[in-house]
Amino acid sequence: MILLNGKKTSQEIKEEIKLKVSAMKERGERAPHLAAVLVGSDGASLTYVGSKVRSCEQIGFESTLIRLEDDTTEEALLLQIEQLNQDATLDGYIVQLPLPKHINEERVLLAIDPKKDVDGFHPANFGRMALDLDAFIPATPFGIMQLLERYKVPTSGKHCVVVGRSHIVGRPISILMSQKGPAGDATVTVAHSRTQNLAELTRQADIVVMALGIPEYLTADMVKEGATIIDVGITRVADDTHPKGYVIKGDVAFDEVAAKASYITPVPGGVGPMTIAMLLQNTFLARQWNQA
Ligand code: NDP
């Protein structure tokens, strides 16, 4: 069994970007600049945004954190977004989700200039991705593709079952893995909450991508010998024995499934760290594409 080590691979990707950024600076060019907009004070969102900003600093990017109050109106947020769209010193930005309930997420995401949409959530980017054109690919599926490619996991002609069809993980990874090219050319089945006999499907799969958010859902009896297992799930499960009061669990019963797998991602340390690295990669691409 080979562990797909997202912690290590994401560090390598960050080092690669860092080198390119120092070369840029030596040529007298401006470093890539990422901004993050955070509305409210949700604990998990604060942690995520904090680590994105810290990662920018580590690799020599400019970063800006824009914090808005919980009661910020949708109009005020849209005005902020318009300013970011116009800001020529900014290459890309993200609006941290979820937004407070009184704000319409769809209207906000549609207001982001697709050229600065480094999360890849705008329909213009999603459509371009689906049509094999240059696009910002959502960071989590982009990270999974990088892990598969860098570890040379065979995907061509393989049967991949993706469990979950969300717009940010399941749907895009199912499109990417069925496309021509590295980490692609797979025959993809997409499963969801209405799928019948899921275990029958996963048992046939050469590759299983779990993105549903139910801790340890995939058990050893649901996978075939030698399968590749990608675990996207991140759920906080209460645990009084841990100083934080919780532990992070993936969608895979790791120990028993790892015993049968040929490749597997751990949680934490698998897909999670890759997500941040690919956000940085998208920002670097934004810097290149927007100056061309
Ligand atoms: P969503 O809740 O948006 O989607 C979950 C999907 O799972 C839905 O398509 C749902 O089906 C499907 N599903 C739910 N229950 C079942 C079931 N019993 N059998 C089969 N399918 C089921 O989640 P996300 O895609 O946003 O996230 C999934 C997980 O990945 C979460 O744990 C999240 O925290 C994590 N995540 C991790 C990231 C990382 O960086 N590692 C990034 C993003 C997410 P239906 O469509 O029918 O409702």
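Start at 1 and go down the list; that is how both ligands and their atoms are numbered.
Within 4.0 Å of ligand 1, protein heavy atoms belong to Thr140, Val163, Gly164, Arg165, Ser166, Ile168, Val169, His192, Ser193, Ala211, Leu212, Gly213, Ile214, Tyr217, Val232, Gly233, Ile234, Val271, Gly272, Thr275, listed by chain and number.
Listed by chain and number, the residues in a side-chain hydrogen bond (donor to acceptor under 3.5 Å, both in side chains) with Asp42 are Ser45 (sequence neighbours excluded). In terms of the side-chain hydrogen bond (donor to acceptor under 3.5 Å, both in side chains) criterion, residue partners of Asp117 (sequence neighbours excluded) are, by chain and number, Asn125.
Within the structure, side-chain hydrogen bond (donor to acceptor under 3.5 Å, both in side chains) pairs that include any residue of residues 25-37 comprise Arg27-Glu29, Arg30-Asp91, His33-Thr64 (at least two apart or interchain).
Salt bridge present: Lys224 and Asp206 bring a charged side-chain N and a carboxylate O closer than 4.0 Å.
In terms of modelled atom types and a separation under 3.5 Å, the side chain of Lys249 and the main chain of Pro215 share no donor-acceptor contact. Panel note: side chain Thr283, backbone Leu34; no donor-acceptor pair is recorded below 3.5 Å.
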